[in-house]
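Residue numbers count from 1 along this sequence. Atoms within a ligand are numbered from 1 in the order they appear, just like the ligands themselves.
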Amino acid sequence: MMIQLTPVSAALDAARQAELLYLLQHDCGSCHGMTRKGGLGPPLLPGNLRDRPVALMENAVLDGRPGTPMPPWRGLLTEQEARWLVEAMLRGEGL
Ligand code: HEC
């Protein structure tokens with residue numbers, strides 16, 4: 001059972017949250033590692049992200065990091081979904 005900690009998480013239904021977690025583990029995991037310990041991309045574990053501004057990470061997810069392999073997900077993910085992913089990474093969801 002996922003605990004819904006914030007209003008933004010609560011606004012996404014459980015089915016979509018499950019899809020996002022799958023995306024995080026598999027699609028994001030192809031570069032960041034299935035357990036987010038890093039690979040082509042840096043590790044995305046709570047300890048790695050705790051001190052980073054949430055907005056900076058949301059921007060990385062939505063717009064990618066030009067000049068690096070980090071692709072943009074805007075169009076596939078809403079801003080709310082990008083926020084959910086950042087929150088999920090920060091609480092170590094699914095690890
Ligand atoms: C094709 C490989 C690839 C995929 C797929 C990918 N990333 Fe990345 N990601 C990277 C790389 C490489 C960087 C480092 C970019 C840089 O040097 O600034 C990065 C950076 C990031 C950062 C910034 C980390 C920081 O320390 O500032 C976040 C957050 C992130 N990725 C999340 C995701 C999420 C969430 C997904 C899936 C929706 C994803 N990434 C998919 C390669 C990838």
Side-chain angles (χ1 to χ4, degrees):
M1 215 31 210
M2 274 184 253
I3 299 166
Q4 306 196 331
L5 291 172
T6 64
V8 73
S9 300
L12 293 172
D13 68 27
R16 186 58 179 155
Q17 292 187 42
E19 285 171 6
L20 291 175
L21 184 58
Y22 186 89
L23 176 98
L24 182 58
Q25 289 172 324
H26 295 267
D27 298 64
C28 312
S30 67
C31 287
H32 293 280
M34 288 271 293
T35 52
R36 309 202 281 282
K37 292 194 175 83
L40 175 61
L44 299 175
L45 297 171
N48 303 109
L49 302 181
R50 196 175 293 131
D51 299 329
R52 311 217 163 214
V54 167
L56 188 78
M57 292 188 282
E58 259 181 71
N59 287 344
V61 175
L62 287 170
D63 296 321
R65 288 269 168 84
T68 81
M70 176 62 192
W73 296 83
R74 199 183 282 284
L76 296 170
L77 298 174
T78 65
E79 294 187 4
Q80 188 186 45
E81 290 167 345
R83 169 65 71 91
W84 186 93
L85 284 169
V86 170
E87 290 172 354
M89 291 185 280
L90 282 168
R91 59 174 187 264
E93 186 89 36
L95 294 178

Check: Looking only at protein heavy atoms, which one is nearest to atom 26 (O) of ligand 1, and how far off is it?
Finding: R52 NH1, 3.0 Å

Next item on the list: Check each atom of ligand 1 against the heavy atoms of D27 and keep those under 4.0 Å away; list them by number with element.
Entry: 5 (C)

Next item on the list: Can you pull out the closest protein heavy atom to atom 15 (C) of ligand 1? Residue, atom name and distance to 0.1 Å, please.
Entry: T68 OG1, 3.5 Å

Margin query: Quick check: closest heavy atoms across M70 and A60, and the distance to 0.1 Å?
Written below: CE-O, 3.3 Å

Check: What heavy-atom pair brings R36 and M89 nearest, and what distance separates the two atoms?
Finding: NE-CG, 4.0 Å

Next item on the list: Have a look around atom 8 (Fe) of ligand 1 and list protein N/O/S atoms under 2.8 Å, or say none.
Entry: H32 NE2, M70 SD

Check: Is there a donor-acceptor pair closer than 3.5 Å between any side-chain N or O of H32 and the backbone N or O of P42?
Finding: yes

Next item on the list: Identify whether Y22 and L12 are in the same connected component of the hydrophobic contact network (ILVMFWY, side-chain heavy atoms under 4.5 Å).
Entry: no

Notebook entry, point to check: When you look at CZ of R16, are more than 12 heavy atoms from neighbouring residues, nucleotides or ligands closer to it than 6.0 Å?
Noted result: yes

Item checked: Set of residues satisfying side-chain hydrogen bond (donor to acceptor under 3.5 Å, both in side chains) with respect to R65, sequence neighbours excluded -> none

Next item on the list: Working to the nearest 0.5 Å, report the span between CE of M57 and CZ of R83.
Entry: 9.5 Å

